[in-house]
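Scroll down for the structure; my scribbles are underneath it.
Quick caveat, the model's predicted, so the values are computed rather than measured.
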There are 2 protein chains.
Amino acid sequence: MDKIQHTEEKILESARQIFHQKGFNGAKMQEIADLAGINKALLHYYFRNKESLFEKVFNETFSQMASKMSEIFLSEMTLMSKIGIFINFYLNFISRHSFVVQFIINALHDKPEQLREVILKQNLVPELLLEQIRKQLKEEMGLDIDPLHLYVNILGLVVFPVLAKPLLQSMFQIPDERMEVFFEQRKIIVPTFIENALNGYEKDKSLV
Amino acid sequence: MDKIQHTEEKILESARQIFHQKGFNGAKMQEIADLAGINKALLHYYFRNKESLFEKVFNETFSQMASKMSEIFLSEMTLMSKIGIFINFYLNFISRHSFVVQFIINALHDKPEQLREVILKQNLVPELLLEQIRKQLKEEMGLDIDPLHLYVNILGLVVFPVLAKPLLQSMFQIPDERMEVFFEQRKIIVPTFIENALNGYEKDKSLV
DNA sequence: AATAAGTTTAACCGAATAGTCAAAAATAAA
DNA sequence: TTTATTTTTGACTATTCGGTTAAACTTATT
């Protein structure tokens with residue numbers, strides 16, 4: 001029957017929206033039900049309780065982000081191309097799903113355990129990703145840099161402004177339109193910034 | 001009387017701790033009262049309600065962070081010295097108050113309004129800070145770069161890993177001790193990364 | 001058409017929680 | 001010491017919210 005599928009998908013879609021915006025504590029089961037246009041008891045019929053519904057949404061969301069990341073960084077391209085593509089992709093993605101990053105970070109802050117499970121289930125091997133970056137740093141640029149630092153740098157440059165958007169806007173009184181321009185600009189600025197930074201290291205000399 | 005001051009300070013200290021770790025929704029008035037070792041009704045005697053207590057904590061916390069930031073960036077030093085000192089200071093501060101950044105970002109995500117008020121009350125003029133950075137970029141390095149982008153880059157490189165700590169740890173199975181080393185390393189790595197990046201731009205050529 | 005199985009709902013329950021209030025305890029003022 | 005004022009408490013209230021249940025409705029099976 002596809003009534004089931006339909007209802008279930010409607011619920012998940014609403015749950016996604018609410019959980020992403022308000023987190024576990026902020027989200028109310030009644031609100032999710034209302035948004036899905038169904039009775040609250042139906043939520044419990046399809047998903048045992050709030051926690052399991054949340055878990056489902058979290059796993060889904062995280063997988064989506066992480067697998068795209070792996071896909072890009074494990075593909076066959078130069079490291080700099082990957083970085084460029086990654087930044088472009090994420091700035092686009094995030095502008096349409098602005099709450100996702102904060103959602104993941106908050107969820108993990110509350111229950112750090114729940115992650116490893118997803119990673120295994122999805123056959124993601126994050127260590128592979130780092131190894132790949134290390135290899136390319138060495139082979140393409142002659143650099144012995146800890147890939148974790150580079151990886152964190154990339155993420156920080158891309159993700160932080162999205163998280164801090166409300167902070168930046170009220171702090172510097174930036175209107176929405178200028179903020180959009182700002183994010184557009186970052187698609188160019190961030191890759192350049194990273195490339196400059198990497199080119200600045202002395203080649204073939206070991207660093208942290 | 002300093003019993004008043006004593007009780008009030010005890011309440012604020014507890015409220016700070018709980019709000020920082022759990023945010024507005026996650027924090028419970030009873031828990032704050034327990035931690036302060038007082039009756040719950042006393043909270044309402046000193047601070048009308050949860051919202052006003054939260055507001056007090058938020059304003060305090062934000063002011064502390066922001067004023068230190070202004071102090072550093074408006075002082076008399078080369079831009080690169082400022083950046084180095086800022087990074088060092090914040091990585092130290094944050095390791096002792098690991099929830100503060102997430103607290104501020106989440107609070108602002110929920111109620112973006114409440115910020116401007118604090119900024120004005122504290123006589124912070126964020127625009128001045130940007131102007132100062134622009135001036136030093138031009139004079140000391142011959143660069144016409146939008147200071148907001150540089151500012152966001154600095155913050156992103158410093159703040160993101162702190163926010164993503166649980167994510168990174170479970171993703172890459174990093175034990176606590178290695179994580180401490182990681183943050184120590186960033187005190188060196190991040191300033192170098194930024195310096196390299198800035199040196200990579202063609203001098204006296206206009207950029208975004 | 002009759003029956004069984006699956007889906008949806010309205011009404012309800014109990015626990016948690018922000019907030020109140022009147023009385024008790026402590027402190028200051030006379 | 002007596003009285004007024006401030007601080008603190010225990011008990012209570014109202015409400016919100018996650019979760020349950022039994023009955024109604026819908027769909028599939030025979």
Open item on the list: Counting the atoms with a prime plus P, OP1 and OP2 as sugar-phosphate, which does Ala27(A) contact under 4.0 Å by heavy atoms, base, sugar-phosphate, or nothing?
Closed with: sugar-phosphate
TODO: Can you tell me the distance, in whole Å, between the CD1 atom of Ile38(B) and the P atom of dA26(C)?
DONE: 17 Å
Task: Nearest-nucleotide pick for Lys28(A), side chain only, options being dG6(C), dC17(D), dG19(C) - done: dC17(D)
Open item on the list: For a quick test of reading the model, state the closest non-hydrogen atom pair linking Arg48(A) to Ser52(A) and the distance between them.
Closed with: N-OG, 3.5 Å
- [ ] Please state how far atom CZ in Phe54(B) lies from atom C1' in dA18(C), giving the value in whole angstrom units.
- [x] 16 Å
Task: Among Phe54(A), Phe62(A), Phe103(A), the one residue meeting ring-ring contact (aromatic ring centres under 6.0 Å, His included) with His20(A) - done: Phe103(A)
Open item on the list: Counting only heavy atoms from other residues, nucleotides and ligands, does the tally under 6.0 Å from CD of Glu127(A) exceed 12?
Closed with: yes
Open item on the list: Whole angstroms only, please: what is the CD-C1' distance between Glu8(A) and dT8(C)?
Closed with: 15 Å
TODO: Identify, with sequence neighbours excluded, every residue that meets side-chain contact (heavy atoms from CB on, under 4.5 Å) alongside Val181(A).
DONE: Gln185(A)
Open item on the list: Using side-chain heavy atoms (C-beta onward) and a distance below 4.5 Å, is Leu43(A) in contact with Ile38(A)?
Closed with: yes
TODO: Go through dA18(C), dT8(C), dG18(D) for me and flag the one nearest to the Met29(A) side chain.
DONE: dG18(D)
Open item on the list: Can you tell me which nucleotide in dA10(C), dT7(C), dT9(D) comes closest to the side chain of Ala41(A)?
Closed with: dA10(C)
Task: Rounded distance in Å - CG (Asp34(A)) to P (dT16(D)) - done: 14 Å
Open item on the list: Tell me the interatomic distance from Ile32(B), atom CD1, to dA18(C), atom P, rounded to whole angstroms.
Closed with: 8 Å
Open item on the list: With a 3.5 Å cut-off and heavy atoms only, can you find an N or O donor on one side and an acceptor on the other between the side chain of Lys40(B) and the base of dG19(C)?
Closed with: yes
Task: Spacing between His6(A) atom NE2 and dT27(D) atom C1', to the nearest angstrom - done: 16 Å
Open item on the list: In this structure, how many angstroms lie between the P atom of dA14(D) and the CG atom of Asn49(B), rounded?
Closed with: 19 Å
TODO: Would you please confirm or rule out a distance under 4.0 Å between OP1 or OP2 of dT8(D) and any side-chain N or O of Thr7(B)?
DONE: yes
- [ ] Select one nucleotide: of dT8(C), dG18(D), dT20(C), the one nearest the side-chain heavy atoms of Tyr46(A).
- [x] dT8(C)
TODO: From the options dG19(C), dG18(D), dT8(C), select the nucleotide whose nearest atom is closest to the side chain of Tyr45(A).
DONE: dT8(C)
Open item on the list: Go nucleotide by nucleotide along DNA chain D from the 5' end; which of Arg48(A) and Asn39(B) gets its closest nucleotide reached first?
Closed with: Asn39(B)
Task: Nearest-Å distance for atom pair CG/P, residues Leu42(B) and dA25(C) - done: 15 Å
